[in-house]
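All residue numbers refer to positions in the sequence shown, counting from 1. Just so you know, these numbers come straight off a predicted model, no measurement behind them.
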Amino acid sequence: MSSIIYGITAVVALALVIWYLGFCKNKDIWLLFLFISVLLVNVGYFSISVSHMLEEALLANRISYLGSVFLPLCMLMSVTDVCGIKTPKWAVAILFCVSVAVFILAASPGYCDWYYKDVTLQIVDGTSKLVKVYGDLHIVYCFYLFAYFSAMIIVVGYASIKKKITSHKYASMLTVVVFLNILIWLLEQLIPTDYEFLSISYIVSELILLFLYSILHDFDALKAEKITAEPLDVLSAQGDIAQDEEKEEEIILSDYVSFILEHWELTEALTSRELEVLPLILDNCKRKEIAQKLCLSENTVKTHTSHIFTKLGVAGRVELAEKALRLVSEER
């Protein structure tokens with residue numbers, strides 16, 4: 001019976017990956033990796049349940065751990081993105097290296113007894129299960145998960161305090177996602193079961209994160225439309241003078257792109273993709289040029305540009321230039 005449930009969850013996880021790739025408009029790389037990680041977890045669980053030899057089950061177990069180890073990293077990055085918090089690239093690199101090290105440890109059963117002191121394959125009613133005796137270093141994985149779950153709670157709390165999440169309802173939903181996975185993981189550690197319920201909770205978590213990601217990005221787009229609608233008329237009325245000022249400001253801005261990104265605190269609310277678009281806007285690139293450089297459609301660039309203007313509290317390129325120049329003059 002367990003193998004049937006694992007098979008169903010694996011099919012659902014695969015369907016979600018295909019749907020996300022084919023039909024979701026606003027794609028986020030970390031959400032995609034999260035979907036793939038959940039798929040690997042469920043494929044691994046299913047493969048274990050239908051294994052007939054220990055070697056096959058251990059290989060399936062490694063596939064499952066490949067998803068389980070990198071899933072918390074993807075979930076944390078997705079949560080920070082939803083919360084509008086910028087994560088430094090060096091921090092992401094460190095977290096990735098730690099995840100690789102933990103995966104190597106978790107994949108060691110069959111080669112050494114660091115992670116499992118002993119492991120056997122048990123088949124009950126046609127369903128296979130690994131019976132494990134944990135080794136001394138299994139605690140590393142426990143600390144690893146605890147650290148990530150704690151980091152997610154801290155991120156949500158920080159985002160709520162700094163009002164990066166405008167709705168307490170959304171903050172509560174993110175908190176529930178984290179606590180749901182913590183609770184299920186703890187129960188599975190304390191109460192032996194024949195089924196890994198995390199396989200289902202991971203799918204529920206990714207759906208909630210996708211929902212929040214879509215809702216918050218749609219909300220930003222609506223705000224951007226309201227903010228940018230009126231100033232377009234103002235810019236038209238300014239005529240040639242405004243155009244000359246804009247050109248002059250953009251020429252100056254091109255020399256201070258790195259400085260602006262480093263010192264403008266509001267840029268912390270931008271997503272990783274928006275941080276790629278902003279320097280090109282500051283460097284006087286037009287929408288078509290930005291689309292070509294980042295391999296995006298012009299409509300996608302338009303959406304990112306609207307989000308940037310909203311988050312930075314500006315009406316358009318002219319006001320963005322004015323604020324950026326003011327920042328440069330104040331900081332220098």
Side-chain angles (χ1 to χ4, degrees), residues 1-51 56-57 59-82 99 103 106 126-130 145 148-149 152 170 173-174 176-185 187-188 193-218 221 271-273 295-297 299-300 303:
M1 183 63 182
S2 295
S3 60
I4 296 176
I5 300 176
Y6 284 135
I8 293 173
T9 54
V11 170
V12 170
L14 176 60
L16 287 173
V17 171
I18 295 173
W19 172 81
Y20 187 75
L21 288 172
F23 300 99
C24 190
K25 294 181 180 179
N26 295 322
K27 292 183 178 64
D28 178 79
I29 190 65
W30 288 111
L31 267 180
L32 175 59
F33 287 158
L34 175 62
F35 274 58
I36 294 174
S37 296
V38 173
L39 174 61
L40 289 174
V41 170
N42 284 281
V43 168
Y45 286 157
F46 172 72
S47 299
I48 292 173
S49 68
V50 296
S51 296
E56 293 178 359
L59 177 59
N61 193 53
R62 294 182 188 110
I63 294 174
S64 176
Y65 265 111
L66 180 61
S68 297
V69 169
F70 285 96
L71 191 148
L73 171 61
C74 299
M75 186 176 290
L76 176 61
M77 292 298 102
S78 297
V79 168
T80 57
D81 193 30
V82 168
S99 297
F103 170 69
T127 300
S128 301
K129 178 183 178 182
L130 285 174
L145 290 181
Y148 267 107
F149 287 141
M152 290 178 214
Y170 298 149
M173 291 177 68
L174 281 173
V176 168
V177 168
V178 178
F179 275 109
L180 173 67
N181 287 284
I182 294 175
L183 179 61
I184 292 178
W185 179 75
L187 288 176
E188 289 186 345
T193 60
D194 293 330
Y195 184 79
E196 299 280 356
F197 288 96
L198 274 174
S199 61
I200 297 177
S201 73
Y202 285 153
I203 291 178
V204 174
S205 299
E206 67 180 0
L207 289 175
I208 294 176
L209 282 171
L210 179 61
F211 169 76
L212 290 176
Y213 183 85
S214 301
I215 289 295
L216 292 176
H217 278 66
D218 289 344
T271 65
S272 57
R273 178 62 80 180
C295 298
L296 300 172
S297 68
N299 285 334
T300 301
T303 300

Going from [atom1] on [X] to [atom2] on [Y], what distance comes out if it is rounded to the nearest 0.5 angstrom?
X    : Y   : atom1 : atom2 : value
C74  : W30 : SG    : CH2   : 5.5 Å
L39  : T9  : CG    : OG1   : 10.0 Å
L73  : L34 : CG    : CG    : 10.0 Å
M77  : L31 : CE    : CG    : 12.0 Å
K129 : S51 : NZ    : OG    : 14.5 Å
F35  : L71 : CZ    : CG    : 11.0 Å

Heavy atoms, side chains only, cut-off 4.5 Å: are V50 and S128 in contact? no
Do L16 and Y20 come within less than 4.5 Å of each other through their side chains, counting heavy atoms only? no
Using the side chain to side chain donor-acceptor pair (under 3.5 Å) criterion, which residues pair with S47? Sequence neighbours excluded. none
Residues forming a side chain to side chain donor-acceptor pair (under 3.5 Å) with R273, sequence neighbours excluded: E276
What pairs with [X] under side-chain contact (heavy atoms from CB on, under 4.5 Å), at least two apart in sequence or on another chain?
X   : result
L40 : I36, I63, L66
I18 : L14
I48 : A60, N61, L130
S49 : S3, Y6, F46, T127

Partners passing ring-ring contact (aromatic ring centres under 6.0 Å, His included) against Y65 (at least two apart in sequence or in another chain): Y115, Y141
Mind checking what makes ring-ring contact (aromatic ring centres under 6.0 Å, His included) contact with Y148, not counting sequence neighbours? Y144
To check you understand the geometry: which heavy-atom pair defines the closest contact between A13 and N42, and what is its length? CB-ND2, 4.1 Å
Show the numbers, then the answer: is there a side chain to side chain donor-acceptor pair (under 3.5 Å) between S297 and T300? CA-CA 5 Å; S297 68; T300 301; 2.8 Å; yes
